Enquirer: 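Here it is, the structure, as structure tokens.
Letters A, B, ... are given to chains in the order of the sequence lines, protein chains preceding strands, and every chain is numbered from 1. Hydrogens, waters and symmetry mates are skipped; everything else that's a heavy atom, side chains included, is used. Computed from a predicted structure; not experimentally measured.
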Amino acid sequence: MSDDAERSLFAAPPIAEQERMVEAILFATAEPVTVAELEARMPHGCDPAEALVYLRRRYEGRGVNVVKVGDGWAFRTAPDLGYLMQKETVETRKLSRAAIETLAIIAYHQPCTRAEIEEIRGVAVSRGTIDQLLEMEWIRFGRRRMTPGRPVTFVVTEPFLDHFGLESARDLPGLKELRAAGLLDNRPMPGGMGAPRDEEEAEDVTGQSELFED
Amino acid sequence: MSDDAERSLFAAPPIAEQERMVEAILFATAEPVTVAELEARMPHGCDPAEALVYLRRRYEGRGVNVVKVGDGWAFRTAPDLGYLMQKETVETRKLSRAAIETLAIIAYHQPCTRAEIEEIRGVAVSRGTIDQLLEMEWIRFGRRRMTPGRPVTFVVTEPFLDHFGLESARDLPGLKELRAAGLLDNRPMPGGMGAPRDEEEAEDVTGQSELFED
Amino acid sequence: MADPDWEDTRATGVAERLAAEALIVDVEGFEGPLDLLLTLSRTQKVDLRRISVLQLAEQYLVFVDRAKALRIELAADYLVMAAWLAYLKSRLLLPPEPGEDGPSAEDLAAHLAFQLERLQAMREAAARLMARDQKGRDFFARGLPEDVTRIRKVVWTASLLDLMQAYARIRTRDDFRPFVMDRHDVFTMEQALDRMRGLIGYAGDWTDLVSYLPEGWELDPRRRRSATAAHFAASLELAKRGQIELRQTETFAPIQIRRKPDA
């Protein structure tokens, strides 16, 4: 009620007009734009979330689509037309096998410490691998673990989601199956040889659910 | 005839599909794209000129339009939405001490020359300070003094009075009132010295009224 | 995960040994012992969940032995894994000792199997991730982004209070004169120095510093304080110049001075 009253007071533009605005803003930038940013840039009283629903529908099946990336929204060309874009193709630096695996481990286990990556791969993670992924802005530092040594954790970023066309880390391929199979558990080595610390484990579970649920 | 034959031979994609292609190419390319380039990038037998007609029509009245730029085609924000591409950040900052002192002198002594301001402040007044106050429209040029050199004078403006909630510059409190309001911080001087000199105060008030009488 | 039919696997041991030998050539290609174990486990051609850890341990040990025979330098972690697998193997083969503490051999083997399965799962996940449509390869962002023009606008403010305070500050600046201290009750160090330099010759032995205070300065507390401070500072100066010696028997005890014998 009060919301309606406010709206009429400020005479927000009609929704079709708001849709045009969102269209213009998303078209103009290469980076995903959040609803909050849209709201800040649009006239008072606008509802960009609603406008986005219409806009998304309008571009379904078109040559460009409205996609969600993390908290943001962006236009991206339809993947089936990638072959037309040879000229635009960006040669990405070839990632080493170690880098790809490290990235996948961080994505699926985030937040994830270096020690955990090493335990899963069974081999030391070289400084350069982490540096490379940080530099590409595909991973970033997460919160420190509240365990002895307060190790840093790594999480994946919005540019990572953007690059792989993921709405969120929850949409990682096969995530549900892996979790159901217990393969994302931080299972300690029985008897403690090289085993992860118990507290860390407990926190891990909450840390992960925080990121993936909701 | 032979053209038709060729087309059917290579089975060009339906025009709706061609429209998608043009849409994606124009979106992803950094520069405007000519019809010839479109043709070169699209599958054999496509008619990008025709697809462009459809695409242009589709984007008529939308938040972005297909426009011709030189020989090429490109997406551009609808002209009426240009304001969405500007982000205005307003920063509120306190005036510098030099500026506020200069302003105060002009307000109390107007019309007032730069030399007079410098004499009262005891330091040179920078050009920037005066410019800033002029730009803020809190001061303006008054009549020139009919003294050698005919120096310009400064007076306060209507916006100045508005900002400070004054009806006229005469409403500015005099030194006596300032002291009564506790604004003249009369620290007790050692040995009972530094008590306010009555004569000076009295002189001040007259000095002021003299200045304001025109 | 002790494998009951591990005897059977011995029959096929030769083939596996040959396979392991082929792997030795490529030892550089492995990313650590776990990676090697995962590769070796493929020769079992079973689901990783049903893998024979005992057989795997055997394969690994054979691999390490062959590497040693061929004088191939193996990194320490390969040897650590070999030692651990040898231990695991013996634990799996021997009946558990009664009252033995710690995890069972089966638990250890199950964990190793879990590690391999997890590594394999992560490899597959990584492959699936990389197989996705990627930005800049399969789909594209706007090629000609229109930057948002940032317009920074500074609004300067001042309140009436600021204005009045500023004016008051300027107008009262003249009221302040430099602070001149009333010197009536102040005894300076220079004065004390002059006095002491003259007097020091007359005092033979250790004398209290207070006795140097000039007449008329010992009674009024303010004057006494100033004179004491001045004389103390002067005595430090004289001591620094090597003209006198200073002593104090204990904290707060009177400070005593005397002329330096050779000065």
Enquirer: Checking heavy atoms, do the side chain of A/Ile25, its backbone, both or neither come under 4.5 Å from chain B?
Expert: both
Enquirer: For A/Ala24 and B/Met85, work out which heavy atoms get closest and say how close.
Expert: O-CE, 3.5 Å
Enquirer: If I measure from the heavy atoms of chain A, does B/Thr29 come under 4.5 Å with its side chain, its backbone, both, or neither?
Expert: both
Enquirer: Please look at A/Phe75 and chain B and tell me whether the side chain, the backbone, both or neither of the residue comes under 4.5 angstrom of a heavy atom of that chain.
Expert: both
Enquirer: Is any side-chain heavy atom of A/Glu17 closer than 4.5 Å to a side-chain heavy atom of B/Leu81?
Expert: yes
Enquirer: Check this for me: A/Glu167, atom CD, are more than 12 non-hydrogen atoms of other residues, nucleotides or ligands nearer than 6.0 Å?
Expert: yes
Enquirer: What do you reckon, is CG of A/Asp71 surrounded by more than 12 foreign heavy atoms closer than 6.0 Å?
Expert: no
Enquirer: B/Glu37 versus chain A, heavy atoms under 4.5 Å apart: side chain, backbone, both or neither?
Expert: side chain
Enquirer: Which of parallel (below 30°), tilted (30 to 60°) and perpendicular (above 60°) describes A/Tyr59 and B/Tyr59?
Expert: tilted
Enquirer: Could you look at A/Leu26 and say if it's the side chain, the backbone, both or neither that has a heavy atom under 4.5 Å from chain B?
Expert: neither
Enquirer: Looking at B/Glu23, B/Arg62, B/Arg41, which one has more heavy-atom pairs under 4.5 Å with chain A than the rest?
Expert: B/Arg62
Enquirer: Highest number of heavy-atom pairs under 4.5 Å with chain B: which of A/Val22, A/Asp80, A/Leu55?
Expert: A/Asp80
Enquirer: Measuring only between side-chain heavy atoms, which start at C-beta, is A/Val64 closer than 4.5 Å to B/Arg20?
Expert: no
Enquirer: Is chain A contacted by the side chain of B/Arg76, its backbone, both, or neither, given a heavy-atom distance below 4.5 Å?
Expert: neither
Enquirer: Chain B: which of A/Gly61, A/Ala16, A/Pro43 shares the most heavy-atom pairs with it under 4.5 Å?
Expert: A/Gly61
Enquirer: With a 6.0 Å cut-off (strictly less than), is the heavy-atom count around CD of A/Glu137, excluding the residue itself, greater than 12?
Expert: no
Enquirer: Please report the shortest heavy-atom distance between B/Met21 and A/Tyr83, naming the atom on each side.
Expert: CE-OH, 3.3 Å
